Amino acid sequence: MSIGSQLGLAWFSSNQSHLQSIADLDPLKDPPQSLKTSATSATGNRIRYRSPSASELLESGLATGLSGNHSPTSDSHQGLLSIDGGKMTTKRAIGRHESLSDKIHRHRGLLLLISIPIVLITLVLLLMPGTSTSVSVIEEYTLRNRDGGSNSRGPKNYAVIFDAGSSGSRVHVYCFDQNLDLVPLGNELELFLQLKPGLSAYPNDPRQSANSLVSLLGKAEASVPSELRPKTPVRIGATAGLRALGHKTSENILQAVRELLKDRSRLKTDANAVTVLDGTQEGSYQWVTINYLLRTLGKPYSDTVGVVDLGGGSVQMAYAISEEDAATAPKPVQGEDSYVREMYLKGRKYFLYVHSYLHYGLLAARAEILKVSGDTSNPCIVTGFDGAYKYGGKEFKAAGSPSGASVDECRRVAVNALKVNDSVCTHMKCSFGGVWNGGGGGGQKNMFVASFFFDRAAEAGFVDPAQPVAKVQPLEFEKAAKQACSMKMEEGKSKFPRVEEDNLPYLCLDLVYQYTLLVDGFGLKPSQTITLVKKVKYGEYAVEAAWPLGSAIEAVSSP
Ligand SMILES: O=c1[nH]cnc2c1ncn2[C@@H]1O[C@H](COP(=O)(O)OP(=O)(O)O)[C@@H](O)[C@H]1O
Ligand SMILES: [Ca+2]
């Protein structure tokens with residue numbers, strides 16, 4: 001039995017036509033009654049699972065209903081058992097109640113007359129095509145998995161996921177059991193290694209770019225038992241760095257990475273294993289990661305948490321919304337990703353609002369903010385610094401004003417760079433840059449905010465870097481910004497000992513930008529409690545709060 005057939009976990013694009021994976025995270029639940037009935041009364045898989053209507057399936061919990069809880073053998077066995085059971089009952093009845101048998105014999109003509117139309121009607125109903133495309137797709141997939149064969153996996157399933165981020169490359173190795181629970185690898189629940197710079201630091205040398213992954217690949221592969229390597233999927237997902245390089249340059253790098261995998265690895269490489277992730281994919285994976293680790297998948301959408309992931313090149317926001325709100329989502333402009341993705345996770349259908357803002361990651365935003373001041377001093381740069389900031393192969397003047405940096409002025413520049421008050425907002429309500437804000441709601445009330453938000457807060461000293469999470473309010477970023485913006489360069493080291501020297505001139509900018517992004521950009525209240533997250537506790541372990549886990553779950557659930 002494959003994990004995919006158990007787990008009921010599916011990714012859809014909003015038009016429901018693009019199924020990416022399926023799994024059922026809860027194999028212990030009983031199938032719902034309506035499905036049990038159809039499962040035992042029909043003869044073939046195809047007929048059997050096409051019969052329930054879409055709404056029946058959704059009500060009863062897709063995961064358990066569709067994938068069933070049985071291996072292909074045990075499931076078909078169960079079907080046979082019920083028929084056999086019926087025969088056995090009849091045989092026993094013959095022995096004990098002769099008169100009943102006589103009665104049946106006497107009325108056999110009538111019984112036949114009644115049963116023929118019932119059988120015919122049942123057959124017609126069962127053979128009718130499914131009413132919803134998405135449900136049909138899921139059934140097909142589930143049934144393919146039921147065949148076992150190449151999809152069948154062992155009790156331990158590894159996945160190796162590379163996060164080719166804009167500021168560095170990382171690898172995560174996970175091991176799942178049959179229930180899609182994480183199993184420890186040594187002392188931790190994952191192997192996590194990272195290095196800098198990222199693939200995009202070598203735009204003109206694809207081979208060197210690819211070779212930067214060699215050490216990570218070697219260690220990751222060594223952590224997978226030798227006999228499982230050819231069955232273990234490896235994926236390399238590049239994010240904002242390669243997105244910003246443009247198609248040709250990034251494709252050359254990806255091709256070099258594909259060759260590297262072919263030459264140096266025995267891991268299982270699917271056709272789409274090495275790609276630039278689109279931003280909504282990255283945001284969805286991040287949402288799955290956090291909600292999986294918090295064990296909120298399968299609960300009503302308003303019990304799930306929303307996520308923000310502030311990378312170097314892009315920032316993602318994702319949270320579950322109601323079906324009604326999803327129906328009113330603005331249609332994406334041509335060439336843009338749609339705002340809503342549909343997913344089946346642990347027996348529940350989610351409508352996920354997700355958007356990625358390219359060029360609004362922390363390191364990219366510095367460039368946007370410095371662009372505004374051009375050749376003059378910038379109110380976000382710590383006074384006493386006069387230099388240049390390099391980003392994406394370009395240089396930007398970064399000079400503090402002699403009168404000092406200013407939180408208010410810096411915020412005005414940041415609001416400007418974010419295009420918060422941009423008139424291009426044609427949707428009901430926008431976040432910034434003309435992007436729909438998703439409408440808010442229960443799935444956004446609890447926000448888990450990751451990556452640079454956690455790092456800068458820890459460096460600025462208002463959260464404990466030794467803790468995996470910290471509850472804060474956006475206004476704490478503003479408070480820290482006031483201190484950073486009022487200092488002089490030479491005071492930096494003593495006032496903010498945790499901040500790396502290269503980041504000191506930009507500490508005021510970074511903190512103001514983070515506050516502006518949360519409050520003016522995403523519309524959070526300055527006093528709203530949010531959870532800054534580096535890792536999420538999972539049992540006695542803590543796991544990195546990063547998108548690769550979502551991708552791994554999909555990878556081990558795929559055929
Ligand atoms: O696995 C992770 N665990 C914790 N933080 C991470 C992880 N991966 C990325 N980050 C955070 O994201 C920041 C950089 O983002 P990245 O280089 O991935 O940019 P991008 O997402 O815009 O491509 C890192 O400095 C770090 O704070
Ligand atoms: Ca990232």
Side-chain angles (χ1 to χ4, degrees), residues 20 160-172 193-217 220 233-265 267 269-286 289 309-318 335-337 354-368 389-394 450-452 544 546-552 554-555:
Q20 295 172 318
V160 176
I161 313 289
F162 282 82
D163 170 6
S166 66
S167 64
S169 297
R170 304 137 203 139
V171 70
H172 302 250
L193 302 163
Q194 53 185 331
L195 53 78
K196 283 180 181 175
L199 295 180
S200 54
Y202 314 89
N204 304 314
D205 194 344
R207 189 165 296 183
Q208 199 192 352
S209 178
N211 282 343
S212 70
L213 302 179
V214 166
S215 62
L216 297 181
L217 180 62
V234 57
R235 287 180 170 189
I236 300 188
T239 53
L242 286 204
R243 259 176 236 144
L245 277 187
H247 182 72
K248 195 162 183 296
T249 312
S250 66
E251 199 40 53
N252 288 341
I253 293 176
L254 294 182
Q255 196 48 39
V257 172
R258 287 181 195 116
E259 280 157 25
L260 177 87
L261 281 183
K262 218 168 113 201
D263 294 347
R264 301 242 189 169
S265 169
L267 299 171
T269 315
D270 290 335
N272 290 326
V274 183
T275 54
V276 176
L277 289 189
D278 70 53
T280 60
Q281 186 86 74
E282 188 184 356
S284 318
Y285 285 151
Q286 178 80 3
T289 292
D309 182 12
L310 179 62
S314 66
V315 57
Q316 288 73 240
M317 155 86 79
E336 272 190 4
D337 298 327
V354 48
H355 192 81
S356 174
Y357 302 79
L358 188 56
H359 306 305
Y360 291 102
L362 186 67
L363 305 181
R366 286 182 184 174
E368 298 299 318
Y389 174 66
K390 286 191 193 130
Y391 186 77
K394 295 194 182 117
S451 297
F452 272 124
E544 294 293 322
W547 65 261
L549 177 57
S551 177
E554 187 188 55

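Nothing here was measured: the structure is a model prediction, and the numbers come from that model.
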| field | Under 3.5 Å donor-acceptor, S209 side chain and D205 backbone | value | no
| Ignoring hydrogens and geometry, is there a side-chain-to-backbone donor-acceptor pair from R235 to S551 under 3.5 Å? | yes
| If you count the non-hydrogen atoms of other residues, nucleotides and ligands that lie under 6.0 Å from CG in D263, is the total more than 12? | yes
| request: Count the heavy atoms belonging to other residues, nucleotides or ligands that lie under 6.0 Å from CZ of R258, then report whether that count exceeds 12. | output: yes
Kindly give the heavy-atom pair with the smallest separation between [X] and [Y], and that separation in Å.
X: A450; Y: Q286; value: CB-NE2, 3.6 Å
X: A164; Y: I236; value: CB-CG2, 4.5 Å
X: T289; Y: G550; value: OG1-N, 2.9 Å
X: G283; Y: V354; value: CA-CG2, 3.8 Å
X: S167; Y: K196; value: O-CG, 3.3 Å
X: S200; Y: S166; value: OG-O, 3.7 Å

So do the side chains of [X] and [Y] get within less than 4.5 Å of each other, counting heavy atoms only?
X: L261; Y: L217; result: yes
X: E251; Y: L254; result: yes
X: V214; Y: R264; result: yes
X: V160; Y: V171; result: yes
X: L245; Y: L199; result: no

Starting at [atom1] of [X], measure out to [atom2] of [Y] and round the result to the nearest 0.5 Å.
X: D309; Y: Q316; atom1: CG; atom2: CD; result: 5.5 Å
X: L310; Y: L363; atom1: CG; atom2: CG; result: 8.5 Å
X: T275; Y: L242; atom1: OG1; atom2: CG; result: 10.0 Å
X: S314; Y: L362; atom1: OG; atom2: CG; result: 12.0 Å
X: R243; Y: E282; atom1: CZ; atom2: CD; result: 4.5 Å
X: S356; Y: L277; atom1: OG; atom2: CG; result: 10.0 Å

| field | Derivation and outcome, side chain to side chain contact (heavy atoms under 4.5 Å, CB included), residues F452 and V315 | value | CA-CA 10 Å; F452 272 124; V315 57; over 6 Å; no
| task | Check the pair D163 / W547 against side chain to side chain contact (heavy atoms under 4.5 Å, CB included), numbers first and verdict last. | result | CA-CA 8 Å; D163 170 6; W547 65 261; 3.4 Å; yes
| request: Using ring-ring contact (aromatic ring centres under 6.0 Å, His included) as the criterion, list what pairs up with F162, not counting sequence neighbours. | output: none
| query | Who pairs with Y389 by ring-ring contact (aromatic ring centres under 6.0 Å, His included), at least two apart in sequence or on another chain? | reply | Y506
| task | List the steps, then state whether side chain to side chain donor-acceptor pair (under 3.5 Å) holds for E368 with Y360. | result | CA-CA 8 Å; E368 298 299 318; Y360 291 102; 5.2 Å; no
